[in-house]
Amino acid sequence: MCQVDEEYNGQLEHRVTPRVSKKCVKCKENAAVLIIRAGDAFCRGCFKEYFIHKFRAMLGKNRVIFPGEKVLLAVSGGPASSSMLSQVQEGLSRDAPKKLRFVPGIIYIDEGGASGQSMEERERAVAQLESVFRATNYHYHIVHLEQVLSLPSSVLEAGSSATEKPQTGSSYKAAVDQFIQTRKNQHPDLSVENAQSHLSSLSMQEVEHGGTSPITPEQTQALQRLFASVRTLTAKEDLLHTLRQHLILHTARTQGYTKVMMGDSCSRLAIKLLSNISLGRGASLATDTGFSDPRYGDVVIVRPMRDYSSKEIAYYNRMFDIPSVFIPGLDTKAQDKASIQHLTESFVTKLQTDFPSTVSTIYRIGTSERHTCGTVLRLSALG
């Protein structure tokens, strides 16, 4: 029998397992509790500051959301959208150093009718999410996917953008000053600091909670027949995305929201980028994966979580107890899981395990508008 330790002692190189035993790279004092990337070790407090700052910096750098605007948060119950909701709560709290100045609302699309869930399972998931939404004191909307069958097809067409504000630095500052001055006129007893913090409690005082609209078994059956008529899982997931977008835009327009926040992370956008190229949608990569998507005119979609990896989001949710709800997707009960979207996700996830820069590389070369054409040509050649 070969005695490795006796015959080759000192000649074999032992693999060193990385340990979180060094100091935090930011404060240089506390012991690190997690490593995001090689060389990026954070303690608990510094990681929270880093996570919050990245969200604020993304909104502050782009200056798309103006003070007093109504912003609809699309929450699916997953880790990314739940973390986005937590960041908005943090930014609107009274203790925040630089408070956000928009009025938030929440929308959840119940897709159980398309994924084959029973009514009891759907009601259970909705009840769990409603408990989370009520704790925020924000206005929320529970919309069933069946309701899309009664909406006009013109919802996805670009609306009038006459109310859109120019996105320049001077106009943004003017909007901030006008917002504070308006608050002072409406509430003369408030100081400038209190006027800035008054918006944090605006949604709790001036709006009421939303609710659910009843659906009938006939509507559910019609939705199921629609998805049953689609043959491939790729087409079904594409149809589901279109219907979901249809409902979100309709709710935003009817309820007066001018911005919609999506919880797409960097990892999700990398998968979406490759999937869209495979589906022949390379021309729309800039709007599909960029920070803002103004293609609908009067409603602009923004993605403030686009710089976060799924690993960072998972760490944050676990460390700070951010609630999330697992809801089965369209491919959970499907016998054929070989959709382009699912295979792309599996490919990128496995490649990311062996090569940690995979997601960031795809994300960076694909989301830049000036590199979009070159990206399409290079990735199409690989396909």
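Since we're looking at a predicted model, the values are computed, not measured.
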Approximate separation, where rounding is to 0.5 Å, of S83 OG and Y315 OH: 15.0 Å
Gap separating the CD1 atom of I65 from the CZ atom of R63, nearest 0.5 angstrom: 13.0 Å
Under 6.0 Å between ring centres, would you say that holds for F51 and Y308? yes
Could you tell me if S267 and S310 have a donor-acceptor pair between their side chains, going purely by distance under 3.5 Å? yes
Are side-chain heavy atoms of L223 and Q219 found at a separation under 4.5 Å? no
All heavy atoms of K259 vs all of E69, minimum pair found to be NZ-OE2, 2.9 Å
Looking just at side-chain N and O atoms, do Y316 and Q87 make a donor-acceptor pair shorter than 3.5 Å? yes
Looking at N62 and V64, would you say the former's side chain and the latter's main chain have a donor-acceptor pair under 3.5 Å? no
For the backbone of S82 and the side chain of S86, can you confirm whether one donor and one acceptor N or O come within less than 3.5 Å of each other? no
About how many Å separate CG of L343 and CD1 of I271, when rounded to the nearest 0.5 Å? 11.5 Å
Minimum heavy-atom separation for R303 to D264, with atom names? NE-OD2, 3.3 Å
Output yes when E130 and R134 qualify as a salt bridge under the 4.0 Å nitrogen-oxygen rule, no when they do not. yes
In this structure, OG of S278 is separated from CD1 of I340 (nearest 0.5 Å) by 5.5 Å
Is there a side-chain contact between Y50 and E312 (heavy atoms, below 4.5 Å)? yes
Can you give me the closest heavy-atom contact between Q245 and M262, atom names plus distance? OE1-CE, 4.3 Å
Do K26 and F47 make a side-chain contact, defined as non-hydrogen atoms from C-beta onward lying under 4.5 Å apart? no
Determine, for Y257 and K70, whether the Lys NZ or Arg CZ falls below 6.0 Å from the six-membered ring centre while staying within 45 degrees of the axis. yes
Look up atom NE2 in H250 and atom OG in S150, then write down how far apart they are to the nearest 0.5 Å. 7.5 Å
Nearest 0.5 Å please: distance from the OG1 atom of T220 over to the CD1 atom of I215. 4.0 Å
Answer yes when D307 and K54 have at least one side-chain N-carboxylate O distance shorter than 4.0 Å, and no when they do not. no
Any donor-acceptor N/O pair, R56 side chain to K99 backbone, under 3.5 Å: no
Side chain S81, main chain S76, donor-acceptor under 3.5 Å: yes
Any sub-3.5 Å donor-acceptor pair from S346's side-chain atoms to H342's backbone N or O? no
Taking side chain as C-beta onward, heavy atoms only, is F42 less than 4.5 Å from E49? no
Is there a side-chain contact between T258 and D298 (heavy atoms, below 4.5 Å)? no
Does any part of the side chain of T136, heavy atoms only, come nearer than 4.5 Å to the side chain of L85, both counted from C-beta? yes
Indicate the atoms forming the closest heavy-atom contact of S275 with Q341, along with that distance. OG-CA, 3.8 Å
With a 4.0 Å cut-off, would you call R244 and E111 a salt bridge? yes
May I ask whether L240 and L279 are part of the same hydrophobic cluster, defined by side-chain heavy atoms of I, L, V, M, F, W, Y residues being less than 4.5 angstrom apart, directly or through others? no
Check: Q128 side chain, A125 main-chain N or O, donor-acceptor pair, under 3.5 Å: no
Minimal non-hydrogen separation, M261 against L59, with atom names: CE-CD2, 3.9 Å
With a 3.5 Å distance limit and no angle check, can you tell me whether S284 reaches the backbone of T287 through a side-chain donor-acceptor pair? no
Minimum side-chain heavy-atom gap V302-V260 below 4.5 Å: no
Quick one: does V75's side chain get under 4.5 Å of Y108's, heavy atoms only? no
Would you find a donor on one side and an acceptor on the other, under 3.5 Å apart, between the side chain of R44 and the backbone of M319? yes
Nearest non-hydrogen partners of I35 and K311, listed with the distance: O-NZ, 3.4 Å
Should the pair R122-E146 be classified as a salt bridge under the 4.0 Å nitrogen-to-oxygen rule? yes
Does any N or O in the side chain of K23 come within less than 3.5 Å of the main-chain N or O of K28, such that one atom is a donor and the other an acceptor? no
Exam field: side chain Y296 to backbone I301, donor-acceptor pair closer than 3.5 Å: no
